[in-house]
Protein chains: 2
Amino acid sequence: MSNMGYAGHMELHEPELRDVPITAVLAALADDVRLQIVRALAQGGEYACGTFEFGVSKATRSHHLKVLREAGLTRTRVAGTSRYVRLRREELERLYPGLLDAVLAAPAHA
Amino acid sequence: MSNMGYAGHMELHEPELRDVPITAVLAALADDVRLQIVRALAQGGEYACGTFEFGVSKATRSHHLKVLREAGLTRTRVAGTSRYVRLRREELERLYPGLLDAVLAAPAHA
DNA sequence: TCCAATGTTCGAGTACCATCGAACCAACGA
DNA sequence: TCGTTGGTTCGATGGTACTCGAACATTGGA
């Protein structure tokens with residue numbers, strides 16, 4: 001596998017939530033930008049990556065979405081030039097019941 | 001305040017949980033050593049700092065206990081040469097219901 | 001008074017993380 | 001075919017976090 005480089009139409013890395021250490025899940029949530037993304041996703045439905053304008057560059061946004069995805073928190077659907085992200089609510093609730101609600105219940109900026 | 005240095009009998013910094021950003025709480029929990037400490041504390045009761053032997057030096061242990069304390073997760077009682085630490089369960093449960101249980105429900109090492 | 005026990009702080013090393021601009025890729029339309 | 005759009009990756013930078021040994025402070029006992 002010398003130089004696979006760009007991941008264009010490659011399979012996205014979306015691990016099973018139970019294979020992700022809880023510390024990685026918590027670390028993924030322990031960032032302001034990512035938490036804003038999760039809050040937005042928690043409204044339900046799918047969002048194109050570009051939806052999330054939280055004062056960071058698109059490179060940084062892409063990075064955060066990758067962290068969330070690889071922590072097993074989101075799923076991404078590729079469609080055309082866009083990617084649609086959604087929260088893996090049920091799996092999250094099944095494995096860590098109450099976690100997401102507790103995090104979302106927190107005041108946004110305190 | 002030229003040289004206060006050691007904090008010996010100073011007041012310990014134990015913020016109100018509601019004054020701590022949720023990201024700081026999550027970050028405090030997003031570490032293996034600290035999670036082991038929290039698991040031990042979750043048994044209930046008080047533990048002297050020295051109780052926690054999780055393969056780190058006492059300097060590192062002291063650091064982690066400080067992080068937990070300043071995240072509003074633990075309370076520390078000074079008695080003689082020892083310090084007794086306990087989990088602030090009720091406050092945690094009141095502010096972030098389900099969070100602790102969800103974290104503790106996770107498998108210890110996965 | 002001296003010493004051992006319990007923790008904390010300091011300084012330094014290392015590693016990791018968030019951030020950005022630039023370069024890039026793939027898909028779509030004109 | 002060419003440019004635009006949506007998004008990722010690369011490389012670098014600055015900051016932060018974990019870790020340790022050494023030095024220190026405090027208490028309590030011999």
Side-chain angles (χ1 to χ4, degrees), chain A residues 1-14 21 23-38 46-71 74-86, chain B residues 1-14 21 23-38 46-71 74-86:
Chain A
M1 62 168 96
S2 52
N3 190 3
M4 39 197 325
Y6 188 70
H9 59 299
M10 284 185 47
E11 297 304 322
L12 272 56
H13 182 216
E14 293 183 345
T23 47
V25 174
L26 294 170
L29 294 171
D31 176 277
D32 252 315
V33 175
R34 287 194 292 268
L35 209 45
Q36 290 185 69
I37 295 177
V38 169
E46 287 182 327
Y47 297 80
C49 299
T51 311
F52 311 111
E53 288 292 348
F54 295 123
V56 295
S57 71
K58 62 178 184 172
T60 301
R61 175 188 53 192
S62 190
H63 160 68
H64 285 307
L65 288 170
K66 183 178 182 179
V67 172
L68 288 174
R69 175 163 34 86
E70 297 191 336
T74 60
R75 214 175 275 283
T76 302
R77 180 173 63 88
V78 181
T81 81
S82 292
R83 280 154 182 239
Y84 294 92
V85 183
R86 65 183 184 279
Chain B
M1 64 166 99
S2 53
N3 190 2
M4 39 197 322
Y6 189 70
H9 60 299
M10 283 186 50
E11 297 305 321
L12 273 56
H13 183 214
E14 293 183 345
T23 47
V25 174
L26 294 170
L29 294 170
D31 177 277
D32 252 314
V33 175
R34 286 195 293 269
L35 209 44
Q36 291 186 67
I37 295 176
V38 168
E46 288 183 326
Y47 296 80
C49 298
T51 310
F52 311 111
E53 289 292 348
F54 295 123
V56 295
S57 73
K58 61 178 183 171
T60 300
R61 174 188 53 191
S62 191
H63 161 69
H64 285 307
L65 288 170
K66 183 178 182 179
V67 172
L68 288 174
R69 175 161 36 84
E70 297 191 336
T74 60
R75 213 173 275 285
T76 302
R77 180 174 64 88
V78 181
T81 82
S82 291
R83 281 155 180 238
Y84 294 92
V85 183
R86 65 183 185 280

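Computed from a predicted structure; not experimentally measured. Naming: A, B, ... by sequence-line order, numbering from 1 per chain.
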**Asked** Please give, in whole Å, the distance from dG6(D) P to R77(A) CZ?
**Response** 16 Å

**Prompt:** Is a donor on one side and an acceptor on the other found under 3.5 Å between the side chain of E14(A) and the backbone of T76(A)?
**Reply:** yes

**Asked** Does the R83(B) side chain pair with the main chain of C49(B), one donor and one acceptor, at a distance under 3.5 Å?
**Response** no

Tabulate atom names and distances for all N/O pairs under 3.5 angstrom spanning the protein and nucleotides 13-17 of chain C.
none

**Request:** Could you list the residues that satisfy side chain to side chain contact (heavy atoms under 4.5 Å, CB included) with A27(A), not counting sequence neighbours?
**Result:** A30(B)

**Message:** Can you tell me which nucleotide in dT19(D), dG6(D), dG28(D) comes closest to the side chain of V33(B)?
**Reply:** dT19(D)

**Request:** Would you classify A27(B) as touching base, sugar-phosphate or nothing, given that sugar-phosphate means primed atoms plus P, OP1 and OP2, and contacts are heavy atoms under 4.0 Å?
**Result:** nothing

**Request:** Report the distance from atom CZ of F54(B) to atom P of dC18(D), rounded to the nearest whole Å.
**Result:** 16 Å

**Request:** Not counting sequence neighbours, list each pair that qualifies as a salt bridge (Lys or Arg N to Asp or Glu O under 4.0 Å) and has a residue in residues 46-66 of chain A.
**Result:** E46(A)-R77(A), E46(A)-R86(A), E53(A)-R61(A)

**Request:** Could you state the atom-to-atom distance from OH of Y84(B) to P of dA5(C) in whole Å?
**Result:** 16 Å

**Asked** Has R83(A) got a side-chain N or O lying under 4.0 Å from the OP1 or OP2 atom of dG6(D)?
**Response** no

**Item:** Separation of atom CD in E53(B) from atom P in dA5(C), rounded to whole Å
**Value:** 14 Å

**Message:** Suppose we screen for side chain to side chain donor-acceptor pair (under 3.5 Å). Which residues come up paired with H63(A), at least two apart in sequence or across chains?
**Reply:** none

**Asked** Side chains of L68(A) and V38(A): does their closest heavy-atom pair fall under 4.5 Å?
**Response** yes

**Item:** Whole-Å distance separating the NE2 atom of H64(A) from the P atom of dG7(D)
**Value:** 16 Å

**Request:** Give the rounded distance in Å between these two atoms: OH of Y47(B) and P of dT6(C).
**Result:** 18 Å

**Prompt:** Mind checking whether V85(A) and T51(A) have side chains closer than 4.5 Å, heavy atoms only?
**Reply:** no

**Message:** Looking at A79(B), is its backbone amide N or carbonyl O close enough to the side chain of S82(B) to form a donor-acceptor pair, meaning the two atoms are under 3.5 Å apart?
**Reply:** no

**Request:** Using a cut-off of strictly less than 4.0 Å between a heavy atom of the residue and any atom of DNA chain C, enumerate the qualifying residues of residues 55-62 of chain B by number.
**Result:** K58(B), A59(B), S62(B)

**Item:** With T60(A) via side chain to side chain donor-acceptor pair (under 3.5 Å) - residues at least two apart
**Value:** S57(A)

**Prompt:** To the nearest angstrom, how far is L12(B) atom CG from dT6(C) atom P?
**Reply:** 19 Å

**Complete:** Here the distance between atom P of dA17(D) and atom NZ of K66(B), to the nearest Å, is 12 Å

